[in-house]
Protein chains: 2
Amino acid sequence: MPTIKDVALRAGVSRSTVSRVMNNQPYVDEEKRKAVKQAMKELGYLPNSSAQRLRGTETRTIAVLVSRIVNPFFSAIVDAMDEVAAEQSYRLILCNTRGSANQELHFLQLLRTKQVDGLILASLVNDWETIAPYTDYGPIVICNEYPRQSDGVPVVTIDQSKAMYEATVHLLKKGYKQIAYCNPITKTESDAVISPLAQDRYLGFCQAMEEAGMHMYGECLFLGHSLEDGRNIFKQMVCLANRPDAILTGSDEVAAGIIAEAKAAGWKIPDDLAIVGFDNQPHATLIEPELTTIHQPVQEMGRAAMERMLALLRKESPPPLATYLEAPLLARKST
Amino acid sequence: MPTIKDVALRAGVSRSTVSRVMNNQPYVDEEKRKAVKQAMKELGYLPNSSAQRLRGTETRTIAVLVSRIVNPFFSAIVDAMDEVAAEQSYRLILCNTRGSANQELHFLQLLRTKQVDGLILASLVNDWETIAPYTDYGPIVICNEYPRQSDGVPVVTIDQSKAMYEATVHLLKKGYKQIAYCNPITKTESDAVISPLAQDRYLGFCQAMEEAGMHMYGECLFLGHSLEDGRNIFKQMVCLANRPDAILTGSDEVAAGIIAEAKAAGWKIPDDLAIVGFDNQPHATLIEPELTTIHQPVQEMGRAAMERMLALLRKESPPPLATYLEAPLLARKST
DNA sequence: CTGTTAGCGCGTTCAG
DNA sequence: CTGAACGCGCTAACAG
């Protein structure tokens, strides 16, 4: 594996000259510049980025942390980020934390050790106090999941309360009486703390219920975020004394799981049970009945987050601190 | 950001002693060991991995290259790899090449510059001659997509020809006459070369057709790999002079797109058109009718690939060169 | 058992 | 315009 030294030797110049050529610096003799480029090509030379990093130069690489890459919402948001990054010849590396606070911290090291220029948190499991120190090591942008306070760090998300409020109102207007609720929990190893995002959604739900003079039964509260979780939720629901006639979920995956089991059990959707998803994932319109869901603007969220990141890296005027994108309810056949 | 020097100073020892403590080496006075650990904790010290890398030590990080992370097949395979890696406290970084040969090469640099200990190719767009030199820089494992020859590099995949052969036979047995075929092409920037994987699948298809004395019409050949591609394929199909009565696709996403459009156009599946998917993605049984598809053992593929990688890193006896896992056809309602 | 020394590959002064 | 020299943070070899 050739180093800068080999290139210098072959081109008959010093290492500094090679370095200057690499970084397109002026004041290099045209002849030598050509000789160096020639030597680089012949040797298949590529600079060692660990060394460059150690020296403190940019990597044009950005890390994105997600908790569960198999979730279509996350892969879509990452895809949007990737698109913007590629346009400006940045690369992305994707870190799947599996909802582990430890993994999250491990990946934050990428920033600390200058292996990436910046880091985007699309999920968040550690306390903000734990994350905050890392802001000294490079720009951080928060997208989707967020902490209660995030001193100075840009946040891109949707108004979770409002979204869930509207979904609840939608069900109430349709006349559903016994509404169940599923919290979108990512099981953490140790503590299963409810994130601000989940809290806010629940708040929206409660507010709508209260305004309608309805109240909730504890047994109608569920947890889950995957297809499998959805299946299990239906099985639990069947056993309840007074069965819900509608359910609000935190993701289209959970909703799809419930629908699948319900249909298998011979239930009619939405007559026997109405279901609301969240995200508007690609499969929301492929299942039957088509899923009523809240459309998360993943494309825009991903793009906006990455654009803020690139702006930070260019040290432009600081981007807006918090951005709340619109997340409209899409009423379809499942309610 | 504290360095090893700061820790040494604070603990009243030399940098080498700190290094020895970090790497759990013997021959360090217990007192000093404690002092060092104390100092590390107080300073919140973490080693700079760029420096470690430059020095040539392991990173316990493995890169995985995929062409399209939004494809559930890829996110599932990555998830399985991640699981195995986590068990042995390795971390994974995910590289989305978007089918770009350039991006692929960029990411291969991670290996060259020792930023990762090993690299798994779950997709492959460059020629093997281009990739081969990188095998000098660290272990590479190939999973799913493969080159024609891969001198010494372990490959984990399925028997593509056999899988598609069986799917074709299934359709023929059911009595379908006019069978269309969709090649799973990842559009490359420049050249849209057909990969060995796609070639082999097509071979299986052709063989089955030949044995049955059937033959293909060029107009019944399509390309695509996404939901959107599937939708477009249906629109093209509608315009054909003699319409196919069945279609074999290269992924469940394409199949789902075709089904969606077909249903929207009032076609009955499988009566007006039979559809076979590929992968057995989570949503294959959620759509209506349930999709006949080839089950790719993503879990096993991902695990096997990662296990081979870890074996290589431990420099154990060389793993088997090529592994072909079973990919059975699951006959369901769409045929 | 421990500190000193010498690079890993690169970018950046600072003298020419 | 160019090369010599230094140091980024870390580890390994070598003397104590």
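Sequence lines set the chain letters: A, B, ... in the order given, protein chains first and strands last, and positions in each chain run from 1.
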- Message: Would you say A:Thr157 and A:Asn144 are linked by a side-chain donor-acceptor pair, where the criterion is simply a distance under 3.5 Å?
- Response: no

- Query: Under a criterion of less than 4.0 angstrom to any heavy atom of chain A, what are the 5'-terminal and 3'-terminal contacting nucleotides of DNA chain D?
  - Reply: D:dC1 to D:dG9

- Answer yes or no: is there an ion pair linking A:Asp82 with B:Arg98, defined by an N-O contact shorter than 4.0 Å? yes

- Item | For the student: nearest non-hydrogen atoms of B:Ser123 and B:Thr97, plus distance | OG-OG1, 4.1 Å

- Beyond-backbone contact of A:Leu119 with A:Tyr134, side-chain heavy atoms, under 4.5 angstrom: no

- Task: Could you check B:Val64, B:Leu65, B:Ile69, B:Val70 and say which one makes a side-chain contact (heavy atoms from CB on, under 4.5 Å) with B:Asn96?
- Result: B:Ile69

- Item | Exercise: do A:Arg314 and A:Gln88 side chains pair donor with acceptor under 3.5 Å | yes

- Message: At 10 degrees resolution, what angle do the end axes of the helix from C:dC1-D:dG16 to C:dG16-D:dC1 form when each is taken over five base pairs?
- Response: 50°

- Item | Residues A:Glu300, A:Arg303: salt bridge by 4.0 Å N-O rule | no

- Looking only at non-hydrogen atoms, find the nearest pair between B:Ala80 and B:Gln299 and report the distance. CB-O, 3.6 Å

- Whole Å only: how far is the CD atom of B:Glu31 from the P atom of C:dC1? 12 Å

- Query: Do the side-chain N and O atoms of B:Thr323 and B:Arg308 include a donor-acceptor pair separated by under 3.5 angstrom?
  - Reply: yes

Give each protein N/O atom lying under 3.5 Å from an N/O atom of nucleotides 10-12 of chain C, with the pair distance.
unit_1, atom_1, unit_2, atom_2, d
C:dC10, OP1, A:Tyr45, OH, 2.6
C:dC10, OP1, A:Asn48, N, 3.0
C:dC10, OP2, A:Ile4, N, 2.4
C:dG11, OP1, A:Gln52, NE2, 3.1
C:dG11, OP2, A:Ser19, OG, 3.3
C:dG11, N2, A:Arg55, NH2, 3.4
C:dG11, N3, A:Arg55, NE, 3.3
C:dG11, N3, A:Arg55, NH2, 3.4
C:dT12, O4', A:Arg55, NH2, 3.4

- Tell me yes or no: between the side chains of B:Gln115 and B:Thr61, is some donor less than 3.5 Å from an acceptor? no

